[in-house]
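Here is the naming used below: chain letters follow the sequence lines, and residue numbers restart at 1 for every chain.
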Amino acid sequence: MSPTATRVRFAPAPSGYLHVGSARSALFNWLFANKMDGTLILRIEDTNTELAKPEFYDAITEPLKWLGLKWDEGPFYQSQRVEKYLNAIKRLLDESLAYCCDCSRESIEARNKTKGFKGGYDGHCRDREIRDGPNVTIRFKTPKNQTVEIKDSIRGNVTFDTNELEDFIIRRSNGTPVFLVANTVDDADMQITHVIRGEDLLNTTPKILLMWEALGYGPSPQYAHLPLLVGEDKKKLSKRKHSVALGEFKTMGILPESMVNYLALLGWGPNDDKEIRPIEEIISLFSLEDINKAPAYFDMKKLYHINAEYIRALPPEMFVSTVIEYFQLIKWEPAYLTPKVLHDLASSIQERIEKLADVPKLVDWLFDDEFPAETDEKEIKKITKAMSLDKVTDVLDLAVEELEKCTWNETTIGETINGIGHTLETKSQVPIRIAVTGRRVGLPLFKPMEILGRQKVLERLREARAGLG
RNA sequence: GCCCCGUUCGUCUAGUGGCCUAGGACGCCACCCUCUCAAGGUGGUAGCACGGGUUCAAAUCCCGUACGGGGUACCA
C-alpha cells in the first residue's frame, strides 16, 4: 500500500439499529473510498460497555450489507482494543499531559456555582497530583490560550479557542477509556486519511486534534463534517421522534438501490440535473467539496418517487423475484400465487406502485378467495356510490349473462364488457371491477379477469348482484 | 448562557462575481391521453432570510442582524 492511499472509516456506536443518518455517513464514506480507490474500514465504537452487546452488531452490519456498502477491513471492535487506549492514556499521564481527578459531578457543580464559573470542569485537580486508583478519572490537560484549527473539506477552516475546552475526561472512574481517546488512537493506528462523519461531532474534533498532537501522531486526517439529516421538526433525526431505522425501509419495500440513490442526493447533487443514476456514475461524480453545509430534510415522498422509478425500471423476471422475496419477508402467503401470473402482470403492477408494500392490495383478489375488504372510509363511500347507480343491477345482470358464454380471453372479455356499456349507455367497467376485485381502482381489468377464470368471476358477479337486491 | 455550524421554491438541490427577469427534481394544480387507477405528455405554482458594504456588475465576496441547528456527559 502506498503511503498516500486513501483510508476512511465508518465508525458507528452500536445503539440497537442503524438509522438513516448513520447510513448516509456510511454511504458517503463508501462513495469516497470507491471514488479514491481507497479502503473503507468498519469500526464499532463500543467503548461504552453498555452498548457493547453482540446483538447490536448485526443491527449495524446487516443494513450495510443490504445497501451494498461493502467494507474492506473490519469490523473492528473498540471494546477489544482497550489495551491500546489505556497505553495511550498512560503515555499522556507519564508525560504530564493528563492528570488524575477525584472530583465528583456534585463537587464540580458546587464549585462552579459558588465561583459563578460557566464552563464545565474547572481544572481543580490539575496540580493536586492525585494518585491513580479506584474511582479516579483521568483528564486531558487542555492547553490554555491556543487556537485549534480544523481544516474541513466541507466547511473550510473552523477554529476553536482552547480556553473554551475543559479538561475533559479520557478515562472513566471505572477504568475504561472514553470514545475521544479510542477515536484518536484508532484513527492513527488504522492510518485513516479522511474522517467523514456527522456535524454533530464537529465540536469533539478539537479535543481529538489536541490529543493527536499530544500523542505525537503527526499530520492529522483530513476532516469532512456532513450536514445533519433532520425530520419534519427540523431537528436532528432521533430514534425516539422519527421513524428512521433502516430495516423499516426494507419492510415497506424500498429497494436498496433507491435508498442509496436517494441518500446520496441528501446534501449533495450533481450539476447536470440528473438525479437518478447508477451507483457507478454517482461514485465518479462524487466529491466531498461539493457537499452542502445546511441540514437536509428527509423527504419520504421523494424517496417513494425514486423507488417507483427503480421499480418500473426492473426487468419483469427481476421484478417477480424481488416481489416473491418481499412476500416472504412480510410473510404474505396467498393460496394461488404463482410467478407466472406475476410475470404476466408485471409491467402493469410496476407502473402502479411506489413501494413493494403496495403490491398485495393490487393482486390479493387474484391470489386468494378471501381478500381483505377495503378499509379506507372514503374509498368505501365511493364504492357505495358507484355501486348504487341506477344501472348497476342491469350491468351486473348482463355481465353474468354474456360472460357466461363469451370466449374466455382478455380481448373478448374486454369487448364484452365494453359492449355492455354501449348497450346500456353507461360505464360498465367500474361496477364489474368492484364486484370482482372488491376495489374501485386497480390493475387494468381484463387480463387479470382472464387469469382468475370464468367460474370465479361469475361467482363474484352473482354474489355482488345478490347483495344489491 | 457560552462555543461551533448554517440560511436558494413547501422539500431536495444546480449555481463558486457577468451566461440568472435563478435551472432541475419531488409535491401540488390544470390540461391531454384513458370506460378504473396509474404511467406518459404539456403547462402552471412557488425561492436567493433581512440590512449594510465591496464592485462597472452580487444568489455568489465582507460585516452585522434575525432565524434555525449542533455541542456544552465518567454517550458517541
Side-chain angles (χ1 to χ4, degrees), chain A residues 11-15 22 45-48 50-51 78 101 103-105 118-121 135-139 150 152 154-156 158-161 163-166 168-180 182-183 197-206 225 227-228 230 232-236 262 265-276 289-290 292-306 308-309 312 347-354 362 382 386 414 417-418 420-422 426-434 437 439-445:
Chain A
S15 67
S22 308
E45 306 222 323
D46 55 356
T47 53
N48 181 338
E50 287 173 34
L51 301 177
Q78 291 191 326
C101 167
C103 295
S104 65
R105 186 79 248 165
K118 294 268 172 46
Y121 181 65
N135 293 319
V136 166
T137 61
I138 297 178
R139 290 177 181 273
I150 301 170
D152 192 287
I154 298 171
R155 274 148 231 285
V158 182
T159 57
F160 289 84
D161 183 341
N163 294 336
E164 299 293 340
L165 273 23
E166 62 176 347
F168 51 93
I169 288 179
I170 55 179
R171 199 199 69 189
R172 303 185 183 92
S173 56
N174 67 5
T176 60
V178 303
F179 115 99
L180 290 164
N183 203 282
R197 32 128 79 143
E199 196 199 346
D200 51 343
L201 292 168
L202 182 56
N203 290 295
T204 68
T205 309
H225 287 94
L228 261 19
V230 297
E232 288 163 297
D233 55 2
K234 293 282 176 196
K235 294 209 192 302
K236 174 166 97 161
Y262 176 61
L265 258 19
L266 248 29
W268 174 83
N271 60 12
D272 61 0
D273 290 340
K274 193 176 156 192
E275 297 191 316
I276 298 177
E289 286 72 20
D290 291 338
N292 270 137
K293 299 178 175 76
Y297 167 71
F298 187 90
D299 187 5
M300 211 48 150
K301 288 224 179 88
K302 183 129 183 181
L303 206 215
Y304 285 152
H305 172 259
I306 290 175
E309 296 247 12
R312 258 176 263 139
S347 67
S348 65
I349 297 173
Q350 282 170 281
E351 76 185 29
R352 256 158 274 257
I353 60 171
E354 52 187 16
L362 242 27
K382 284 180 187 168
I417 291 175
N418 289 341
I420 293 171
H422 277 290
T426 183
K427 291 199 173 185
S428 54
Q429 208 182 108
V430 174
I432 293 174
R433 172 185 296 280
I434 295 171
T437 74
R439 292 192 172 80
R440 192 178 58 88
V441 299
L443 262 23
L445 240 199

Sub-3.5 Å donor-acceptor pair from the side chain of A/N292 to the main-chain atoms of A/A294, do we have one? no
In whole Å, what is the span from the [atom1] atom of [X] to the [atom2] atom of [N]?
X      : N     : atom1 : atom2 : value
A/N292 : B/C48 : CG    : C1'   : 14 Å
A/I276 : B/U13 : CD1   : C1'   : 14 Å
A/R155 : B/G69 : CZ    : P     : 16 Å
A/K293 : B/C48 : NZ    : P     : 20 Å
A/Y297 : B/C12 : OH    : P     : 9 Å
A/N163 : B/U72 : CG    : C1'   : 15 Å
A/D272 : B/U13 : CG    : C1'   : 12 Å
A/I138 : B/C74 : CD1   : P     : 15 Å

Let's test your reading of the model: under 3.5 Å, does the base of [N] pair with the side chain of [X] as donor and acceptor?
X      : N     : answer
A/E199 : B/G71 : no
A/D299 : B/C12 : no
A/K302 : B/A25 : yes
A/S428 : B/C35 : yes

Has A/R352 got a side-chain N or O lying under 4.0 Å from the OP1 or OP2 atom of B/U36? no
Detail all sub-3.5 Å separations between protein N/O atoms and N/O atoms belonging to nucleotides 1-3 of chain B.
{"unit_1": "B/C2", "atom_1": "O2'", "unit_2": "A/E164", "atom_2": "OE1", "d": "3.2"}

Sequence-distant partners of A/F168, ring-ring contact (aromatic ring centres under 6.0 Å, His included), two or more places apart: A/F140
Which whole number of Å gives the distance between the C1' atom of B/C74 and that of B/C63? 42 Å
Nucleotide N/O of nucleotides 16-23 of chain B paired with protein N/O under 3.5 Å:
{"unit_1": "B/G23", "atom_1": "N2", "unit_2": "A/D273", "atom_2": "OD1", "d": "3.3"}

Any strand is fair game: report the nucleotide pairing with B/A14 by Watson-Crick or G-U wobble, both distances under 3.5 Å, or none. none
